[in-house]
Structure formats: C-alpha cells, structure tokens
Trainee: 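Let me begin by handing over the structure; questions about it come next.
Source: prediction; values computed, not measured. Just so we're on the same page: letters track the sequence lines, and every chain starts at 1.
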Amino acid sequence: MWKIFDRAEEIIAIIFLTGTVTSVFFGALGRAVGHPLPSGPEMAQLLLIWTCMFGADLIMKRGEHIRISALPDSLPPAGRKALHLLCIACMIPFLAYCGWLSWHLAMSNWAREIGASGLSYGWVTLALPVGCALMIISLLRRLFGHGLLYSIEPETHDQEQLL
Amino acid sequence: MTSFLLLCLALGFMVVGMPVAFSIGIASIVYFLLPGTFMPDSTAVQRIIAASQSFPLLAVPLFILVGHLMNGSGITPRLLTLATTLAGWMRGGLAQTSLLLSALMGGISGSAVADAAMQSRVLGPPMIKEGYSRGFTGALLSIGGLITATIPPSLGLILYGFLGEVSIGRLFIAGIVPGVLLTIALMLATAWVSRKRDYKPINDRLPTGREVLSAVRRSFWAILFPVWLVVGIRFGIFTPSEAGAFAVAYAVFVGVVIYRELSWADIVDAMLLSVRDIGMIMLIILFSGAFGYVITFERVPQTLAELTIGIFSSQTMLLITLSLFLLAFGMLVEATVIVMLLTPILVPVITAAGIDPVHFGLIMMTLVTFGGMTPPVGVSMFTVCGILKCSYKEYTVEMIPLAVAVLAVVMIMILFPDVVKFLPRAMMG
Amino acid sequence: DVKLALSSSQVAQDPLVVAMEAAAKRIMERSNGEIEVTVYPSSQLGSDNDVLEQIRNGAAIAVLVDAGRLAPFKKELGILSAPYLVDDYKQYKGITSAPIYQEWVDDLAETSGIRLLNYNWFQGTREMFTKEPVTKPEDLDGVRVRTIDAPGWIATVNALGATAVGLPWSEVYSALQLGAIDGAEAQLTGAFGIKLHEVTKNLAFTDHVQLLTGLATSESWFKGLTEDQQQIITEELTKAGDEASDATVAKLETVLADMKAAGVTVNEINVDDFKARVGGVYEELGLVEAREALQPYIDAAK
Ligand code: NA
Ligand code: NA
C-alpha cells in the first residue's frame with residue numbers, strides 16, 4: 001500500500017517538474033518568436049511550488065533534509081535520541097500549524113487571481129497545506145518505521161548536497 | 001533586538017541538529033506568535049508561499065536538473081578526454097587535468113559539490129593509484145569544485161541574485177574572470193606541490209595540434225554549451241531566469257540525438273534526483289521567506305547599514321572585514337544557509353557603502369562556497385573524504401597551498417574591483 | 001495604541017512615498033501619538049497582491065494599489081484603470097464623488113473585507129516606450145510590449161495593436177537590454193526610476209491610461225478604530241494623495257527633460273487613432289454598463 005503511495009508521489013513530482021521546465025521553455029520560445037504565452041511563467045511558478053513541496057516530502061521520507069549534525073554526532077545514542085525528540089516535537093506542530101493556516105488562506109482568498117490567466121491563486125497556496133500534510137505523514141512514518149534515532153537523519157551519511 | 005533573538009533561536013535549533021529549513025521556519029513563526037506582533041499569523045505562511053512565486057528563482061530547479069542530466073548524457077567523459085589531452089603533459093598531469101575538467105564542467109554545471117563528487121568517483125581512484133596522497137587528492141578534487149561554482153552558470157550566484165535583487169545576468173558574466181583566475185591560481189599551486197613531490201605527467205610530450213583538434217571535435221557540443229548560454233542571454237533569446245530551461249532542452253538534445261547515450265531511464269533518474277535536490281534546497285528558500293519578512297519588518301538591514309557606514313571609512317576595509325567574517329562563518333555553516341540568512345542583510349549594507357553588489361556577490365559566493373571545502377564543517381569535504389576514504393586531518397594539512405591560492409584570488413578581487421566589474425560593464429553596459 | 005503600516009511598490013524617493021511619510025508624521029501628531037504609522041516602500045511587505053491578502057486577513061496595513069488589483073473582488077472597480085476613461089486625471093474627482101462609486105466601494109468592503117480609503121494618488125499617464133519609433137497604431141504590430149500582468153492591462157495593450165507580455169517590473173530593464181521584449185508601457189516617473197531611457201530610445205505619448213491609485217486597508221481593522229481615529233486617518237491620507245499627485249505632476253516636466261537629455265526621442269502621434277482601437281476592451285472586461293453609469297459624472301467634471 002505504502003509502496004504504491006510512494007511510487008505515485010515520485011511520479012507526480014516528476015510530472016510537476018516536467019511541467020515547470022516545459023512552461024518556462026515554451027514561454028520564452030513563444031516570446032522570442034513574437035507569440036508570448038501570457039500564462040507560461042505563471043504555470044511555471046504554480047508548478048514550481050508543487051514540485052518543491054513534493055520534493056521536500058521525498059527528502060523527508062529519506063531523512064535527508066540539510067542539517068548540521070556535528071553536535072548530535074558527538075553524543076551517545078541516548079543524547080542523540082533526546083535531541084531528535086526535541087526537534088520532532090517542534091517540527092510536527094509547526095507543520096500542522098502552517099498547514100492549517102495555509103489551508104485557511106487558500107480557501108478565504110480563492111478570488112485572488114494568479115495573473116493574466118485568471119486561474120485562482122488558491123492553487124498556488126494549496127501546495128503548502130498539501131506539502132505540510134505529506135511531510136507530517138512522512139515524519140511519523142520515519143519515527144515509527146526507523147525509530148527515533150533515524151527519524152530525521154538517514155542510516156548512512158553519504159548524501160550529497162548542493163552549491 | 002527581537003530579530004537578533006530570533007536569529008539565535010534559529011541557530012540554536014540548527015546546532016541541536018534540526019533540519020535547517022525547519023530551524024528557520026520555526027524561528028520565524030515564533031515571531032508571529034509573539035504578543036507584540038500585530039501582523040496576523042497567516043502572513044507567515046503567505047510569505048513562505050510568496051517566496052516560491054518569483055520568476056528568477058525558477059533558475060534554481062532548472063540548473064539542478066541540468067546538472068543531473070550531464071551525468072547520463074555523455075558530456076562528462078568527452079570533457080575528461082579534452083582535459084587530459086590539454087593538461088596531461090604537465091607535471092602532476094592527473095591533478096592538472098582535474099582542475100581543467102572543473103573549469104570545462106563549470107560552463108555547464110552550477111554546483112561545486114556535484115563537481116567534486118563526480119570527480120572523486122572518476123579521477124579519485126586513478127590519482128591515488130598514481131601515488132598522489134589521499135589528502136592531496138581529496139583537497140584538490142574538493143577545492144576544484146570552486147572553479148565550477150564560479151564560472152557561469154552558478155547556483156550560488158543565482159540564489160544571491162535572487163535574494164539580493166541583483167541582476168543574475170551580470171553576476172554570471174562577472175563570474176567568468178574570477179573563475180579563470182581561480183583555475184590559474186590553483187594550477188600554479190598544484191604545479192608547486194607536484195614539483196616538490198615529483199608527481200608525474202601522464203603524457204610524456206605536449207599534445208599535437210591534431211590530438212587537440214580531435215579532442216575538441218569530440219567534445220564540441222559540450223564546449224559549445226556555455227558559449228551558447230552566454231550568447232543566448234546576451235542577445236535576448238532568453239532571460240537569465242529562462243536560460244536553465246534551454247540548458248535542459250540542450251542537454252537532452254545532445255544526450256539523446258547527438259551522443260545517443262541518454263536513455264529514457266537516465267532521464268527519469270535525473271528527474272527523480274533533481275526533484276529531491278529541489279525539495280531539499282527550495283524548502284529552505286521557502287521557509288526563509290518568512291524569516292526575510294521579519295528582518296525587513298524589524299528594519300534590520302537599514303539599522304545595520306547606518307551602523308557600518310559610521311565605522312568604515314574605506315570600501316576596501318569594509319570588504320576585507322566582511323570577507324574575514326564570511327570566511328569564518330563559512331567554515332562553520334553550510335553555504336546555502338549563509339546565503340539565505342545574510343544576503344538580504346548584507347546587500348543593502350554594501351550598497352549603502354557604494355560597493356557594486358555584483359562585485360560583492362562574487363567575493364561573497366567564492367568565500368562562502370570555499371567554506372564548504374574547509375574543516376570543521378564542509379559539505380564538499382565530507383563528500384570527497386567519504387568517497388575517497390581519506391582522513392580529515394590529512395585533508396586539512398594538504399589543502400593549505402590550495403587554500404592560499406584561493407585566498408590570493410579573493411584578495412585580488414577585493415583590491416582590484418575591475419577584475420570582476422570589467423566584463424559585465426563591457427558586455428552589458 | 002494603534003499601529004498602521006503603509007505599503008507601496010514605489011521606491012523611498014518617489015513623491016508618493018514622500019507624501020506617505022509626511023502623512024505618517026501628521027497622523028502621529030494629530031492623534032497625540034496614539035496612531036503610529038510606518039511606511040514600507042519598495043514592496044518590502046510583499047507584492048501588492050500579497051499585501052492585499054494580508055489585509056483581507058485583518059492585517060493593519062494600507063497598500064497603494066491600482067484598481068486592476070481590486071477588480072477580481074469587485075469587477076466594476078476595474079474600470080478605474082481602463083483605457084481612455086478620462087482625458088485628465090483630475091476628472092477622477094468626479095468619479096470618486098459619484099454615489100455609484102461609493103456603492104462599489106461599500107460592496108467591496110462587505111464582500112472582500114477590503115476598505116478602499118481613497119483613490120486620488122496620481123502616478124502619471126501611461127505612455128509607450130519602444131526601441132523602434134511609433135507614430136501610428138500600425139507601428140505597434142508585432143512589437144512585444146511589457147505591461148502589468150492583469151487581464152485589463154493585457155487586453156488594453158493588445159487592443160492598441162502591440163503584443164502584450166506580462167513580465168515582472170524588476171525584469172523589464174534587462175529584458176529590454178537583452179532584446180527579450182521590444183518595449184514597455186509605463187508612466188514617466190516609474191520609467192525613469194528603472195532607467196528605461198537607457199534601453200528604449202523612443203517615446204510615444206499614447207496616454208492610454210491615467211494611472212491613479214488608492215489606499216486599500218482592512219475593513220475589520222478600520223471598523224475597530226474610534227470615529228476620531230478613522231477621521232484622522234482618512235483625512236490625512238487623502239490629503240497626502242493630493243500632495244503626492246501635485247508632486248508627481250511637478251516632477252513630470254523635469255523627468256521628461258532628463259529623458260530627452262538622455263537621448264529619448266518623442267514621436268508625434270495622433271492619440272485619437274489609438275483611442276479608436278480600445279472600444280472592445282470595455283466589452284471584453286464587462287465594463288460597458290459601469291462606463292455608462294459613470295459617464296455623466298465624468299462629463300460634469302470636465
Ligand atoms: Na558553473
Ligand atoms: Na567549512
């Protein structure tokens with residue numbers, strides 16, 4: 001069951017990213033040849049936030065969000081567990097509150113338009129509550145599936161990062 | 001005062017190991033929960049969402065995707081052949097090749113860590129087999145990534161430009177000369193180490209014209225890429241924010257149609273890896289949106305600008321002070337985090353002092369990215385040492401001559417601003 | 001104690017922001033320090049649409065917006081930024097004193113929670129800045145012109161004969177410099193602010209929109225004030241709008257001279273040729289009735 005859910009999430013995320021790239025590409029191409037697509041940049045930005053939220057959840061599932069692990073790494077497992085518990089105790093309420101606020105924001109401002117396309121800005125706003133809900137689920141799954149020790153960090157420390 | 005306490009709170013969360021995005025996000029929402037804040041709490045989430053609704057920011061996911069597409073498209077091995085042909089005859093041939101490869105990759109990839117990781121897998125084992133010490137191999141491959149990050153395109157410069165509202169096109173063009181200077185300086189340092197240690201060349205003679213021509217021809221489409229990127233931006237085919245989308249299309253085209261190495265599965269793989277990277281980096285950017293609002297609302301940049309202008313009489317002194325601070329901070333904290341936290345604060349400060357934000361951007365990004373290659377905390381260092389299995393201590397000792405070269409280039413950039421400012425002025429007015 | 005934030009997308013040196021600062025001081029004095037007003041220029045609190053959203057959630061902010069931003073909440077108000085509505089911005093006084101306008105404003109407050117305090121901040125008349133000279137509507141054929149990313153503005157620019165491109169204002173300079181677009185429509189002061197004269201050398205006084213803006217704030221917050229406080233805020237901010245408009249008009253002359261000195265050519269056009277093209281815009285946006293309702297007041301103000 002979770003397997004299907006996880007795979008579906010990856011596929012949707014890839015579709016969002018593909019949509020972002022093609023919207024920017026054809027938006028620019030259209031303008032270069034004199035037929036601008038007014039909704040190109042808007043679609044790109046709409047799909048971008050959805051890509052981000054799904055991507056953030058995929059990383060959450062792997063416990064690979066960028067963090068400074070020097071202090072927890074220097075502690076015995078019990079100490080690390082305590083610090084992780086503190087983090088999770090702050091992260092879940094934060095996600096829940098953000099999700100609730102942004103859900104409310106999306107619903108109460110449905111009349112706001114994205115730009116020339118006339119699409120509701122609510123579709124942009126909606127990405128945050130969905131992302132928050134997904135991340136709460138993933139955080140809980142890591143907590144119960146991998147234990148407190150590996151809830152917010154991966155079992156192996158070989159992830160690569162940017163910049 | 002409030003904002004200082006919130007900054008401490010965010011740093012405190014980071015120290016106990018909370019993911020950076022959440023440390024920043026939670027600290028900012030605390031501000032809105034304070035009784036003295038008269039903004040509604042929903043402003044916080046609105047700022048988080050608004051952070052994603054910026055056209056220039058689209059460049060970040062696009063260039064992340066380009067970086068991942070490179071690996072499957074057959075561009076990397078062709079550039080390696082070219083670099084070997086051009087630099088293999090020098091003393092320390094493999095080491096010099098790796099630096100030249102970083103410069104060639106720099107025109108396509110925007111990430112220092114990605115370059116260092118790729119090179120550690122491709123060039124690391126052969127270098128160690130040739131008798132290079134593990135520490136020097138690690139330090140060289142890691143710091144070589146700085147060249148890749150400085151030559152346009154550059155993810156760090158995109159972020160800086162986005163957060164500081166500085167023209168990304170100008171930043172890109174301004175990165176060319178410092179990137180070349182870094183290549184030269186690091187090659188000189190490597191030559192010195194190679195002479196001392198007697199690291200051998202890999203070719204016993206200079207390449208013939210025919211060999212160079214053949215290597216250039218094989219990697220023609222890959223070399224053309226950065227040229228085409230700068231030309232495209234310069235002649236208005238696309239804006240710098242859109243360049244990434246064309247880069248993606250180009251990488252797919254070259255990989256699928258010309259080199260015929262990029263399979264459907266490779267593309268899907270690259271996209272999945274990209275989505276994850278985008279989620280990781282963009283969540284920090286998004287949650288920082290709320291933090292930036294707090295800083296603006298509390299008028300931190302203005303206050304800081306007024307303070308510093310009184311203290312520093314010369315631009316050079318201000319730049320040197322800021323550089324020392326960025327270097328120290330960069331050694332301790334991850335580059336993305338520093339860019340997020342400090343760009344919106346520092347750009348108004350240096351602009352008020354009359355310093356060109358493009359000039360400062362290059363200095364800041366070089367130092368902060370370099371910080372990721374130094375102990376005690378450095379993502380590039382961790383990545384490379386992890387792949388090569390070299391000790392941090394050996395890495396640290398061996399990186400000293402290379403670090404001197406990097407800092408010398410930064411000093412040149414500070415003392416002779418025209419080194420950075422000349423090219424964008426000549427090309428873009 | 002009452003706190004109010006004033007938000008504008010204009011820079012700190014702009015006459016509008018200067019007038020806001022002056023009003024902030026007067027409000028503070030008149031209320032004996034009871035009302036504390038802080039001005040945030042350069043969209044520091046977020047884009048106009050973001051700030052409007054905050055306002056709808058009850059934030060104590062007043063933002064300077066053109067009516068196009070309010071149109072999604074109250075369609076009829078969109079007419080205030082429709083093309084060739086009036087010949088001179090002073091005729092807006094006639095519109096804002098019309099009972100039908102008051103009805104729209106009250107409707108807006110009731111349905112969206114946005115209270116439009118005034119609509120008298122003149123930012124200038126929108127003109128056409130292009131790379132190639134424009135002397136007649138046909139010259140705009142296929143010319144990619146940047147405009148505000150909202151349905152009304154896009155319809156207007158397309159109706160004039162150009163191809164509308166909805167790019168962010170911050171990208172306009174580099175897009176023109178690099179040739180990604182061929183022109184931009186803007187008011188003189190705004191154009192001068194982003195140095196448009198460096199990248200477009202031709203200016204046509206198409207005068208297609210009198211760009212007036214107004215301060216919108218939160219209805220729930222405003223209702224929570226005492227009557228005295230409401231009066232102080234309304235009066236001072238409306239007065240500031242008039243001051244800002246006068247200062248803008250005074251500045252237009254110098255700005256035009258500076259632009260000419262920078263090498264901008266003003267091309268002779270017949271405005272009526274352009275005016276004849278925009279009739280359809282009112283139909284497209286469903287504003288025909290609103291225009292008829294306002295016409296007597298506009299005529300009376302002439
Ligand atoms: Na690069
Ligand atoms: Na470091």
Trainee: Specify the closest pair of heavy atoms between B:Leu58 and A:Thr20, including all atoms of both residues, with the distance to one decimal.
Mentor: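 Shortest heavy-atom separation between B:Leu58 and A:Thr20 comes out as CD2-CG2, 3.6 Å.
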Trainee: Working to the nearest 0.5 Å, report the span between CD of B:Glu242 and CG of A:Leu29.
Mentor: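 Result: 10.0 Å between the selected atoms.
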Trainee: To the nearest 0.5 Å, what is the distance between CD1 on A:Ile114 and CD on B:Gln53?
Mentor: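 So the CD1 of A:Ile114 and the CD of B:Gln53 are separated by 7.0 Å.
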Trainee: With a 4.5 angstrom heavy-atom cut-off, which part of A:Ile14 approaches chain B: side chain, backbone, both or neither?
Mentor: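 Contact with chain B: backbone and side chain both.
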Trainee: Just give me the residue among B:Val275, B:Asp115, B:Val248 that pairs up with chain A most often, heavy atom to heavy atom, under 4.5 Å.
Mentor: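 Most pairs with chain A among the choices: B:Val275.
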Trainee: Can you give me the closest heavy-atom contact between A:Met53 and B:Leu283, atom names plus distance?
Mentor: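 Taking every non-hydrogen atom into account, CE-CD1, 4.2 Å.
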Trainee: What's the separation between atom OG in B:Ser28 and atom CZ in A:Phe94, rounded to the nearest 0.5 Å?
Mentor: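 Spacing of OG (B:Ser28) from CZ (A:Phe94) equals 6.5 Å.
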Trainee: With ring centroids as reference points, do B:Phe32 and A:Tyr97 lie under 6.0 angstrom apart?
Mentor: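 Here the rings of A:Tyr97 and B:Phe32 have centres that are no less than 6.0 Å from each other.
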Trainee: Tell me, side chain or backbone of A:Phe26 under 4.5 Å from chain B's heavy atoms, or both, or neither?
Mentor: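 For A:Phe26, there is no contact with chain B at all, as no heavy atom is under 4.5 Å.
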Trainee: I'd like to know whether A:Glu10 forms a side chain to side chain contact (heavy atoms under 4.5 Å, CB included) with B:Arg276, so could you lay out the CA-CA distance, the side-chain angles of the two residues, the decisive distance to 0.1 Å, and finally the verdict.
Mentor: CA-CA 9 Å; A:Glu10 285 179 357; B:Arg276 289 194 201 132; 4.3 Å; yes
Trainee: Tell me, for B:Leu33 versus chain A, whether the close heavy atoms (under 4.5 Å) come from the side chain, the backbone, both or neither.
Mentor: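 For B:Leu33, the side chain is the part near chain A, not the backbone.
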Trainee: By a 4.5 Å heavy-atom criterion (distance strictly below it), what part of A:Thr22 contacts chain B: side chain, backbone, both, or neither?
Mentor: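 Neither; nothing under 4.5 Å.
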Trainee: With a 4.5 angstrom heavy-atom cut-off, which part of B:Leu286 approaches chain A: side chain, backbone, both or neither?
Mentor: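 When you check distances to chain A, only side chain atoms of B:Leu286 fall under 4.5 Å.
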Trainee: Looking at A:Leu47, A:Thr51, A:Leu48, which hits side chain to side chain contact (heavy atoms under 4.5 Å, CB included) with B:Pro61?
Mentor: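 By the side chain to side chain contact (heavy atoms under 4.5 Å, CB included) criterion, B:Pro61 pairs with just one of A:Leu47, A:Thr51, A:Leu48: A:Leu48.
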Trainee: Show your reasoning for whether side chain to side chain contact (heavy atoms under 4.5 Å, CB included) applies to B:Ser42 and A:His104.
Mentor: CA-CA 8 Å; B:Ser42 57; A:His104 177 75; 5.6 Å; no
Trainee: Grab the two heavy atoms, one from A:His65 and one from B:Gly279, that are nearest each other, plus how far apart they are.
Mentor: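 Of all heavy-atom pairs spanning A:His65 and B:Gly279, the closest is CE1-O, 4.2 Å.
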Trainee: If I measure from the heavy atoms of chain A, does B:Val368 come under 4.5 Å with its side chain, its backbone, both, or neither?
Mentor: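 Contact with chain A is absent: no heavy atom of B:Val368 under 4.5 Å.
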Trainee: Looking only at heavy atoms, what is the nearest atom pair of B:Ala245 and A:Val24, with distance?
Mentor: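 For B:Ala245 and A:Val24, the tightest heavy-atom pair comes out as CB-CG1, 3.7 Å.
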Trainee: With rounding to the nearest 0.5 angstrom, report the CD1 to CE distance, A:Ile59 to B:Met282.
Mentor: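 CE of B:Met282 is found 14.0 Å from CD1 of A:Ile59.
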Trainee: Could you pull out the closest heavy-atom pair between B:Gly17 and A:Pro72, with the gap in Å?
Mentor: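 Where B:Gly17 meets A:Pro72 most closely, the heavy atoms are CA-CG, 4.0 Å.
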Trainee: To check you understand the geometry: which heavy-atom pair defines the closest contact between B:Val20 and A:Arg67, and what is its length?
Mentor: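 Minimum heavy-atom contact is CG2-CA, 4.1 Å.
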Trainee: Could you tell me which portion of B:Ile26 (side chain, backbone, both or neither) has an atom closer than 4.5 angstrom to a non-hydrogen atom of chain A?
Mentor: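 B:Ile26 touches chain A through backbone and side-chain heavy atoms alike.
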Trainee: Highest number of heavy-atom pairs under 4.5 Å with chain B: which of A:Val124, A:Ile152, A:Val33?
Mentor: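 The answer is A:Val124.
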Trainee: How long is the gap from CD1 on A:Ile88 to CZ on B:Phe22, to the nearest 0.5 Å?
Mentor: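 One finds 10.5 Å between CD1 of A:Ile88 and CZ of B:Phe22.
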Trainee: Counting only heavy atoms closer than 4.5 Å, note whether B:Val15 contacts chain A via side chain, backbone, both or neither.
Mentor: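 It is both, since atoms from each part get that close.
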Trainee: Among residues 141-149 of chain A, which residues come closer than 4.5 Å to chain B, judged by heavy atom distances?
Mentor: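 Heavy-atom contacts from residues 141-149 of chain A to chain B are absent.
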Trainee: Working to the nearest 0.5 angstrom, can you tell me the gap between B:Ile49 CD1 and A:Leu128 CG?
Mentor: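 Separation between the atoms: 4.5 Å.
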Trainee: Mark yes when over 12 heavy atoms from residues, nucleotides or ligands other than B:Phe253 sit less than 6.0 Å from its CZ; otherwise mark no.
Mentor: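 Atom CZ in B:Phe253 is not packed in, count stays at 12 or less.
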